[in-house]
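Just below is one structure, and these are the notes that go with it.
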Protein chains: 2
Amino acid sequence: MAGRNKIYNEEEALDKAIGVFWEKGYENASSRDLQKAMGIGMGSFYLAYKGGKQELFIKSMDRFFSVYPTHALSMLKTIENPVEVIRQYYYVMADPNGQFRQFGCYFSNAIIQIADPDLKNTAIGHVVTVANAFSAALLRAKEAGIIQPTIPQEMWNIYLLNLWTGLNTAKFIEKDVSKMKAVIDFSLRVFE
Amino acid sequence: MAGRNKIYNEEEALDKAIGVFWEKGYENASSRDLQKAMGIGMGSFYLAYKGGKQELFIKSMDRFFSVYPTHALSMLKTIENPVEVIRQYYYVMADPNGQFRQFGCYFSNAIIQIADPDLKNTAIGHVVTVANAFSAALLRAKEAGIIQPTIPQEMWNIYLLNLWTGLNTAKFIEKDVSKMKAVIDFSLRVFE
DNA sequence: TCTAAATTGTATCAATTGATACAATTTAGA
DNA sequence: TCTAAATTGTATCAATTGATACAATTTAGA
């Protein structure tokens with residue numbers, strides 16, 4: 001494969017793009033905003049992402065997924081009680097000073113902000129994957145007798161997703177983190 | 001007050017603007033989109049809304065608030081059990097074929113879609129007002145012995161808001177209305 | 001009937017948008 | 001060393017954006 005080498009690092013550039021999308025939202029992030037942050041020009045941009053902004057956003061979601069939830073998902077395997085892992089995950093999401101700051105959940109935001117079915121479904125796919133992992137861990141814990149959920153099993157996924165995406169909006173309404181945490185604790189009791 | 005009369009009806013025009021904002025989202029609704037739907041031209045638009053799109057959106061939220069939640073809020077006074085009113089309100093929100101269709105909650109969407117603090121706070125103000133009315137009715141019902149909530153009273157508001165805004169996103173993930181309704185029922189049990 | 005105020009519609013602006021064309025540059029491998 | 005392929009950067013495009021200017025029109029009240 002002859003030819004000039006890429007002068008930029010693809011993953012680093014994707015991370016920069018995530019920053020722009022996250023802060024400004026999909027629509028408000030212009031291709032020039034993205035190029036500037038990614039440190040690449042027009043030529044490289046449309047060479048790497050022939051589908052333009054849309055393709056870049058999908059790749060940024062894939063990148064986000066491979067970076068952020070990883071820690072929680074791996075903890076599910078080492079920590080005995082999955083409810084504690086979920087709790088911490090939700091705590092971070094509800095905390096204005098945490099990793100998600102006031103930007104909110106990258107995927108939940110996309111579901112509400114974007115009409116394009118491809119982008120919306122990509123975002124949905126990622127949150128569902130995480131929710132599935134949560135549910136699977138909860139099931140293992142239930143069968144091991146560690147937890148005694150009072151919520152019917154077929155509701156676990158939607159209940160978790162509903163709590164998750166609710167927090168993403170409610171954190172803007174209730175600025176007191178301790179109150180948000182109290183609601184998370186109360187809502188997760190149905191699994192304990 | 002001499003001068004030409006308005007050729008358009010202000011409330012009807014606002015309703016048309018709501019339709020555009022609701023379907024396209026704030027950013028994607030251009031001033032020309034709005035003018036076309038409202039049936040007015042540039043001159044009238046910027047005469048009536050000197051603050052442009054921003055001012056129009058705030059007025060559209062006020063209009064939305066004065067039209068849509070009214071029915072539920074008045075039912076709180078006639079129906080004995082407020083939980084049933086809240087349940088129906090949430091049912092409608094989660095139903096892709098209901099009044100809110102796939103557009104979602106006008107205010108919840110705004111909280112996620114819009115960065116502008118004025119617009120965001122207006123949206124927050126309206127959902128909080130509705131949640132307050134729900135909580136007040138629940139308190140009356142509790143004191144009357146109609147319901148025996150198991151959730152601490154200081155959480156009522158955030159819990160209701162969290163459920164509400166969660167449904168607004170989760171309805172895109174779980175398309176089966178009956179499953180959404182099951183989660184609503186389960187989540188509202190803490191008030192019964 | 002006259003007049004000043006309110007409303008309307010058209011023309012127009014500069015800035016920004018997503019996107020393409022293409023020459024210049026770089027580089028692996030023959 | 002040569003060559004074809006890959007990458008980069010600049011120039012440029014038409015379309016759309018929010019917004020203003022202003023002449024024309026309408027109308028209530030003196």
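A note on names: the letters A, B, ... follow the listed sequences, proteins ahead of strands, and every chain is numbered from 1.
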Counting only side-chain nitrogens and oxygens, does Ser44(A) get under 4.0 Å of the OP1 or OP2 atom of dT8(D)? yes
Have a look at Gly43(B) and say if it touches a base, only the backbone sugar-phosphate, or nothing, with a 4.0 Å heavy-atom cut-off. base
Ile40(B) atom CD1 is separated from dT7(C) atom P, nearest whole Å, by 12 Å
Do Leu56(A) and Phe45(A) come within less than 4.5 Å of each other through their side chains, counting heavy atoms only?
yes
note: Glu55(B), atom CD; dA19(D), atom P; distance rounded to Å ~ 11 Å
From CZ of Arg32(A) across to C1' of dA19(C) the rounded distance in Å is 9 Å
- Indicate whether OP1 or OP2 belonging to dA19(C) is found under 4.0 Å from a side-chain N or O atom of Tyr46(A). yes
Scanning all shown strands, the Watson-Crick or wobble mate of dT25(D) with both distances under 3.5 Å is dA6(C)
- Query: Would you say His126(B) and Tyr68(B) make side-chain contact, with heavy atoms under 4.5 Å?
  - Reply: no
For dA6(C), does OP1 or OP2 lie under 4.0 Å from any side-chain N or O of Asn5(B)? no
Rounded to whole Å, the CD-P distance (Gln35(A) to dT17(C)) equals 11 Å
With the side chain defined as heavy atoms from C-beta on, Lys6(B) is closest, among dT12(C), dT7(C), dT25(C), to dT7(C)
The nucleotide from dT20(D), dT27(C), dA6(C) with an atom nearest the side chain of Met42(B) is dT20(D)
Contact between Ile111(A) and Thr165(A) at the side-chain level, heavy atoms closer than 4.5 Å - yes or no?
no
Whole-Å distance, Phe45(B) CZ to dT17(D) C1', equals 12 Å
Taken to the nearest whole Å, OH/Tyr26(A) to P/dG18(C) is 9 Å
**Asked** Under 4.0 Å between a Lys/Arg side-chain N and an Asp/Glu carboxylate O for Lys59(B) and Glu10(B)?
**Response** no
- Message: I want to check something: taking the side chain as every heavy atom from C-beta on, are Phe57(A) and Ile114(A) in contact at a cut-off of under 4.5 Å?
- Response: yes
inquiry  = With a cut-off of less than 4.0 Å, is there a side-chain N or O of Ser30(B) near OP1 or OP2 of dT16(D)?
reply    = no
By nearest-nucleotide position on DNA chain D, the 5'-leaning member of Arg4(B) and Lys53(B) is Lys53(B)
Taken to the nearest whole Å, CD/Glu27(A) to P/dT17(D) is 12 Å
Any strand, both distances under 3.5 Å, Watson-Crick or G-U wobble: dA19(C) pairs with dT12(D)
By nearest-heavy-atom nucleotide on DNA chain C, the more 5' of Ile7(B) and Asp33(A) is Ile7(B)
| task | Pick base, sugar-phosphate or nothing for Tyr8(B), based on heavy-atom distances below 4.0 Å to the nucleic acid. | result | sugar-phosphate
Of dT10(D), dT8(D), dT7(C), the nucleotide closest to the side chain of Leu47(A) is dT8(D)
Any strand, both distances under 3.5 Å, Watson-Crick or G-U wobble: dA30(C) pairs with dT1(D)
Comparing nearest nucleotides in DNA chain D, the 5'-proximal residue of the pair Gly51(B), Gly39(A) is Gly39(A)
Here the distance between atom C1' of dG18(D) and atom OH of Tyr49(B), to the nearest Å, is 17 Å
inquiry  = Within the structure provided, determine whether Pro82(B) and Phe191(B) are in side-chain contact (heavy-atom separation under 4.5 Å).
reply    = no
